[in-house]
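Input: a single structure, listed below in structure tokens.
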Amino acid sequence: MDVDLPCKLELLSDLSAHDERAWQVAWNPTKPLLASCSADKTVRLYSYRASDHGGNTVAFSHVGTIPTGHTKTVRSIAWTPSGKTFATGSFDSNVGIWEPDDASDSGDTGEKVADWECVTLLEGHETECKSVGYSSSGTLLASCSRDKTVWIWEVKPDADFECMGVLMEHSQDVKCIAWHPSEEILASASYDDTIKLYIDDPSEDWYCFSTLSGHKSTVWSLAWSPQGSYLASSSDDLTIRIWKRVEEHTWQSVIELKGHQRSIYSISWGVGKRTSESLGWLATTGGDGKINVWDITESPSPKNPLAARLLASISGAHDTSDINSVSWCPRSDHADLFASAGDDGSVKVWRVVSS
């Protein structure tokens, strides 16, 4: 027990469980909605609001379960920046695009979840889709797969999509993709131990402009710093690396964090309740069932440009289960909240509080 840490993690809500393992959680960027996806092939939606009891508490309620129609596990879920649409990536190799049946009816909370429908099914991957994500502008969607490819789609009106590129840079299963928070830069992480960075060449196509090597085993998860000048990665090698943008197209590993005994499956970088020199809070989790929260700060030293301080840690966050996903709430008034999803099928919401 890390009794001397400045903060602790308080369980705010233990949400009704999926029937099988929960793979990912995703907060709607504009509405008070949290989504989760699972091996039970469903997406569950939860709304939240300030509790009637006052104080600083937030009340969550399950508002619906969407049977996706995917024939296998729903591995990944991602909202558009507008919060009006979400994408699901499945082990059946397809990507589903979901919109409310009648947008005018969905209200502010989208609580009429029975009205969500799959408006497009994107086919192309040969095997399991592992991760999906929208660019910051919402005009591009990326997906990656065990087939070693990364696909980039242009989002068109009327739920139409055009494939802009199929990137075959990795030599193994691609575990994760992550878009830069403001630029059209895409990162991918793989079983081949590397991270690839891609941009669009206006005269040609999307291409890989950099390969980040250093991890000694599978890279499971990626998270950009909120300002976009750093990229964090987590691995089977039990480390988290943070890479700094030193030139427009050059990134260097500047710090390595340790604090897990098993594979680190998921990381999320939020703004946190930060001071001026803080780059935000990095939450990390994985196969050891532990969740760590780090405060990341810049330092004036060119040799060690970053410092990381462990703010809070909890073991057995999902009892004895592996934890597959961690994600910070994007709303500025709830910057100290994050959600987790585990093999026990449950979704939990946590708050960082002073010890």
Side-chain angles (χ1 to χ4, degrees), residues 23-24 75-76 89 91 93 125-133 142-152 165-180 185-199 206-225 228-247 249-269 282-290 292 294 296 305-306 308 322-326 343:
W23 274 114
Q24 196 173 10
R75 175 65 180 86
S76 179
F91 282 180
S93 79
H125 286 298
E126 293 172 13
T127 54
E128 301 171 355
C129 177
K130 296 293 180 74
S131 178
V132 289
S143 60
C144 67
S145 165
R146 203 173 105 185
D147 65 12
K148 308 173 191 172
T149 67
V150 174
W151 288 57
I152 297 177
V166 179
L167 303 163
M168 297 183 279
E169 297 291 333
H170 287 291
S171 61
Q172 298 287 341
D173 182 356
V174 190
K175 299 291 188 186
C176 173
I177 54 94
W179 287 99
H180 188 278
I185 300 174
L186 180 67
S188 63
S190 169
Y191 190 70
D192 67 11
D193 311 347
T194 70
I195 299 153
K196 306 277 184 182
L197 299 177
Y198 313 89
I199 48 172
W206 282 82
Y207 72 100
C208 174
F209 71 86
S210 184
T211 299
L212 307 184
S213 302
H215 282 297
K216 297 175 176 62
S217 192
T218 300
V219 186
W220 280 103
S221 183
L222 298 167
W224 295 92
S225 64
S229 47
Y230 294 89
L231 174 67
S233 57
S234 71
S235 170
D236 244 6
D237 66 12
L238 311 186
T239 69
I240 295 129
R241 283 177 179 255
I242 300 180
W243 312 77
K244 180 179 181 175
R245 189 181 208 167
V246 289
E247 292 170 31
H249 297 321
T250 308
W251 301 74
Q252 283 177 359
S253 177
V254 290
I255 195 170
E256 192 176 275
L257 308 180
K258 295 180 179 176
H260 290 277
Q261 284 72 51
R262 296 183 69 180
S263 297
I264 308 164
Y265 292 139
S266 180
I267 56 176
S268 178
W269 201 329
L282 184 69
T284 65
T285 193
D288 60 3
K290 180 195 278 190
N292 288 335
W294 303 82
I296 310 294
L306 281 192
D322 290 16
I323 304 174
N324 299 311
S325 177
V326 65
D343 275 1

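Just the heavy atoms: all of them, side chains too, but no hydrogens, waters or symmetry mates, feed the values below. Keep in mind that this is a model prediction, so the values were computed, not measured.
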Hey, can you pull the donor-acceptor pairs under 3.5 Å for the side chains in residues 249-258, sequence neighbours left out?
from: S253; atom 1: OG; to: R241; atom 2: NH1; distance (Å): 3.1
from: E256; atom 1: OE1; to: R241; atom 2: NH2; distance (Å): 3.1

For L212 and L231: C-alpha separation, side-chain torsions, deciding distance, then whether side chain to side chain contact (heavy atoms under 4.5 Å, CB included) applies. CA-CA 11 Å; L212 307 184; L231 174 67; 4.2 Å; yes
Decide side chain to side chain contact (heavy atoms under 4.5 Å, CB included) for I185 and W224; before the verdict, give the C-alpha distance in whole Å, the side-chain angles of both, and the deciding distance to 0.1 Å. CA-CA 11 Å; I185 300 174; W224 295 92; 4.1 Å; yes
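Among residues two or more places apart in sequence or in another chain, the ring-ring contact (aromatic ring centres under 6.0 Å, His included) test is passed with W151 by H125, W153. By the ring-ring contact (aromatic ring centres under 6.0 Å, His included) test, H260 is found to be paired with no residue, residues two or more places apart in sequence or in another chain being considered. Looking at residues two or more places apart in sequence or on another chain, you find a ring-ring contact (aromatic ring centres under 6.0 Å, His included) between Y265 and W220. Partners of S225 under the side chain to side chain contact (heavy atoms under 4.5 Å, CB included) rule, at least two apart in sequence or in another chain, are Q227, S229, Y230, W269. Applying the side chain to side chain contact (heavy atoms under 4.5 Å, CB included) criterion to K196, with sequence neighbours excluded, gives E169, H170, S188, T194, Y198, C208, T211.
Side-chain contact between I195 and W243 is present, with at least one heavy-atom pair separated by less than 4.5 Å.
Residue E128 forms a salt bridge (Lys or Arg N to Asp or Glu O under 4.0 Å) with just one option from K175, K148, R75, R146, and that option is R146.
By the neighbour-count criterion of 12 heavy atoms within 6.0 Å, atom CZ of R245 is densely surrounded, having more than that number from other residues, nucleotides or ligands. Summarising the local packing, CZ of F91 is surrounded by more than 12 heavy atoms from other residues, nucleotides or ligands at distances under 6.0 Å.
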